[in-house]
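Since the structure comes first, as structure tokens, the remarks are kept for the end.
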Amino acid sequence: MSDLIKKASLQLREIIMDALGALVSEEAVPAVPMPDFNIEIPADKSHGDFAANTAMVCAKAFRMPPRKIAELITEKAQLDGTMFEKSEVAGPGFMNFFLGRKWFSEVVDNVLDEGDNYGKTQLGAGKKVLVEFVSANPTGPMHIGNARGGAIGDCLASVLQWAGYHAEREFYVNDAGNQIEKFGKSLSLRFMQLCSADGQKVIADANGDVEKICADVYALSGEGQTFEMPEDVYLGMDIIEHAYNFLVKFGKDAADKDEEERRKALVGYALPLNIDGLERDLKKYRIVYDNWFRESTVHEKNETKTIVDKLIAADKAYEQDGAIWFKATEYGLDKDFVLRRSNGLYTYIVPDIAYHYNKLVTRGFDKAINVLGADHHGYVPRLKAALTALGVDANKLDVVLMQMVRLVRNGETVKLSKRSGKAITLVTLLDEIPIDAARFFFNLREANSQFEFDLDLAVEHTSQNPVYYVQYAHARICSLLRNLSEEGVEIPESSNLDLLDNPREIELIRHLASLPKEVDLAAKTYDPAKITKYAIDLATLFHRFYDACSVKNAETEELRNARLLLCIAVRQTLRNVLSMLNIDRPEKM
């Protein structure tokens with residue numbers, strides 16, 4: 001896979017080093033250790049395609065003015081037979097280098113030759129990376145934070161795959177611990193309420209209308225009503241619906257069981273349905289996980305005990321007042337924390353430590369990446385400290401902290417679905433807006449930034465809607481090629497691409513060349529927003545080119561063919577970027 005920007009940058013470094021070597025041999029500059037210098041791409045392309053600060057960093061070592069050094073280097077630099085056609089000195093000693101026309105032709109050829117693989121790199125060198133994201137509590141529906149985390153996590157895994165990593169997606173199912181106890185208690189209370197005289201009257205009056213049953217039962221448990229739910233339970237309508245469906249399917253027998261047995265039966269019925277629902281809803285969102293890892297397996301295999309025993313054996317934990325404490329202060333934390341309470345129960349963090357030990361040691365992933373809500377910021381140092389104490393390199397765990405989302409309609413914050421009038425969840429969001437828009441919009445900003453999701457904009461078919469704007473560029477090229485084909489114009493397999501020298505063409509080609517670099521940067525920073533930005537910029541540059549440079553009515557047939565190949569290269573690149581984000585590539589709009 002070719003990265004022509006990287007190739008040109010490496011060649012330029014070689015040109016400069018050769019020039020310096022020649023200057024040293026001629027004793028034009030002293031033979032002293034060579035300071036490192038930077039080669040970068042200037043924001044203002046009038047300053048060249050690449051710029052080097054070599055003369056500036058060598059001034060002290062050479063005891064010469066930077067501009068003088070720059071002039072010596074550019075005079076000695078051999079550009080013949082390279083990708084560069086000229087160089088110039090600017091200001092106090094900056095060196096600017098301009099690519100030759102052949103390089104731009106090679107970019108277009110490269111895109112066309114690599115096709116669906118264009119943009120892929122070898123940055124990851126096949127290293128195994130596990131991306132864990134969403135991991136929503138299976139006791140209820142997924143919320144808007146899960147919707148953002150799903151889009152970010154899924155696209156991040158895809159970016160890592162494009163960058164040459166072996167990336168897997170994982171959902172951590174919290175099917176044990178306090179939230180399941182709370183789930184069981186909530187189901188049991190609602191089941192007993194439905195079995196009561198009031199509950200039976202509600203069921204009889206509703207004539208099988210499940211929504212009405214849930215609403216009426218909910219109303220009966222308000223303040224001052226005959227059945228008051230405690231504070232430490234889940235109050236959602238989904239709990240009532242599960243309890244009702246269990247009653248319909250199995251009858252009232254569970255009412256005569258003891259509390260623990262009844263809860264176990266209700267959880268055994270409802271939890272698998274919730275987990276199946278999570279998987280179904282995420283598939284609708286185009287997210288398919290490689291692994292669904294259940295917390296209960298950590299407990300079943302006694303891995304929580306194993307972890308605590310390891311920490312005790314390593315003298316990283318101690319007993320006090322019957323509880324086991326982790327020596328967190330040894331790892332820079334403010335205070336030690338409890339691993340196992342005096343009643344023998346493990347705290348919530350122990351299964352998490354065991355789970356991450358499983359990722360990095362048992363399963364041997366080179367890197368574990370978690371996409372978490374910003375409220376987890378205090379939890380991460382604890383987890384890393386415990387892993388370090390277990391002899392695991394904590395740098396193998398990276399966490400992407402994600403800020404909250406504010407849904408906006410008509411400039412106002414909204415919390416209820418327009419269609420259902422209920423709180424907006426992942427499912428109700430996807431009922432209101434296209435999946436393409438959800439996946440693209442949630443990746444418009446880096447994860448740690450606050451984000452306003454404009455529900456009105458997401459459904460607009462205008463250039464103001466960024467995903468529509470990008471898809472329209474793809475469809476526009478497809479329409480152009482289709483129309484020309486219908487008119488009998490043969491799409492060329494090759495042409496003289498050196499004819500593409502209009503500033504709009506050059507600007508567009510330069511951006512095509514930057515995709516591998518952007519993929520690597522997005523992978524290094526765990527930021528898929530760099531890819532959506534790339535796509536928007538590519539669509540913008542294409543529209544500008546298309547409006548300024550006629551394709552169909554080009555001055556010559558040869559120029560038309562060259563522009564057609566450029567259009568095909570842009571279409572291919574747009575296809576690749578949208579495929580990376582798992583967003584549709586429409587051919588008509």
Side-chain angles (χ1 to χ4, degrees), residues 1-110 113 121-123 125 496-503 505-507 509-521 524:
M1 317 261 173
S2 300
D3 182 344
L4 292 178
I5 288 180
K6 183 183 289 185
K7 190 175 175 182
S9 179
L10 291 172
Q11 187 181 75
L12 179 56
R13 183 172 291 275
E14 188 177 329
I15 290 168
I16 294 171
M17 291 301 292
D18 287 347
L20 284 166
L23 291 168
V24 169
S25 66
E26 296 172 4
E27 298 184 353
V29 298
V32 295
M34 177 68 201
D36 192 24
F37 59 90
N38 294 327
I39 292 174
E40 57 188 27
I41 298 173
D44 184 349
K45 294 303 180 285
S46 67
H47 295 164
D49 295 298
F50 290 87
N53 68 343
T54 317
M56 311 293 283
V57 300
C58 287
K60 185 176 180 181
F62 290 176
R63 296 183 179 179
M64 294 172 64
R67 187 171 180 92
K68 177 63 177 175
I69 299 170
E71 288 168 350
L72 288 170
I73 292 172
T74 53
E75 285 171 12
K76 191 59 66 176
Q78 295 295 316
L79 301 183
D80 291 344
T82 72
M83 301 178 194
F84 297 88
E85 66 178 12
K86 69 172 183 174
S87 62
E88 63 181 30
V89 177
F94 292 107
M95 297 186 298
N96 298 328
F97 295 84
F98 296 81
L99 289 160
R101 188 62 204 76
K102 286 292 182 186
W103 183 87
F104 292 90
S105 298
E106 192 177 343
V107 169
V108 179
D109 276 331
N110 191 42
D113 288 345
T121 77
Q122 298 302 320
L123 175 72
N496 181 10
L497 296 172
D498 290 353
L499 294 172
L500 300 172
D501 59 4
N502 183 286
E505 294 165 339
I506 295 296
E507 192 179 20
I509 295 169
R510 190 183 284 114
H511 192 67
L512 288 177
S514 69
L515 178 57
K517 177 174 69 73
E518 290 300 324
V519 169
D520 280 354
L521 191 57
K524 287 175 183 175

Pairs involving residues 23-36, ordered by first then second residue, that meet salt bridge (charged side-chain N to carboxylate O under 4.0 Å, His left out) (sequence neighbours left out): R13-D36, E26-K76
Smallest separation among heavy atoms of P33 and P35, with atom names: O-CD, 3.3 Å
CZ on F104 to CD1 on I506, rounded to 0.5 Å: 4.5 Å
Where E40 and P42 come nearest, the two heavy atoms and their spacing: O-CD, 3.6 Å
N/O donor-acceptor pairs under 3.5 Å from side chains in residues 47-55, not counting sequence neighbours:
unit_1	atom_1	unit_2	atom_2	d
D49	OD1	R510	NE	3.1
D49	OD1	R510	NH2	2.7
D49	OD2	L99	N	2.8
N53	OD1	N38	N	2.7

Worked check of side-chain contact (heavy atoms from CB on, under 4.5 Å) between I39 and F97: CA-CA 10 Å; I39 292 174; F97 295 84; over 6 Å; no
Distance in Å, L20 CG paired with I15 CD1, rounded so as to fall on 0.5 Å steps: 12.0 Å
Results of side-chain hydrogen bond (donor to acceptor under 3.5 Å, both in side chains) for S46 - residues two or more places apart only: D44
Distance in Å, D18 CG paired with I73 CD1, rounded so as to fall on 0.5 Å steps: 12.0 Å
Spacing of T121 atom OG1 and D520 atom CG [to the nearest 0.5 Å]: 3.5 Å
Would you list the atom pairs, donor with acceptor, under 3.5 Å between side chains in residues 79-95 and any protein atom, with sequence neighbours excluded?
unit_1	atom_1	unit_2	atom_2	d
T82	OG1	L79	O	2.6
T82	OG1	F84	N	3.1
T82	OG1	F84	O	3.4

Sidechain-backbone polar pair: K60 side chain, V57 backbone, donor-acceptor under 3.5 Å: no
Separation of H511 NE2 from E518 CD (nearest 0.5 Å): 7.0 Å
Any residue meeting salt bridge (charged side-chain N to carboxylate O under 4.0 Å, His left out) with K7, in chain and number order, not counting sequence neighbours: E106
Q11 side, atom CD; L4 side, atom CG - distance, nearest 0.5 Å: 11.0 Å
Note, I5 side chain near S514 side chain (heavy atom, < 4.5 Å): yes
Pairs meeting criterion salt bridge (charged side-chain N to carboxylate O under 4.0 Å, His left out) with involvement of residues 89-104, two or more places apart: K102-D498
M56 versus P66, closest heavy-atom pair with distance: SD-CB, 3.7 Å
Closest non-hydrogen atom pair, A59 against I69: CA-CD1, 3.7 Å
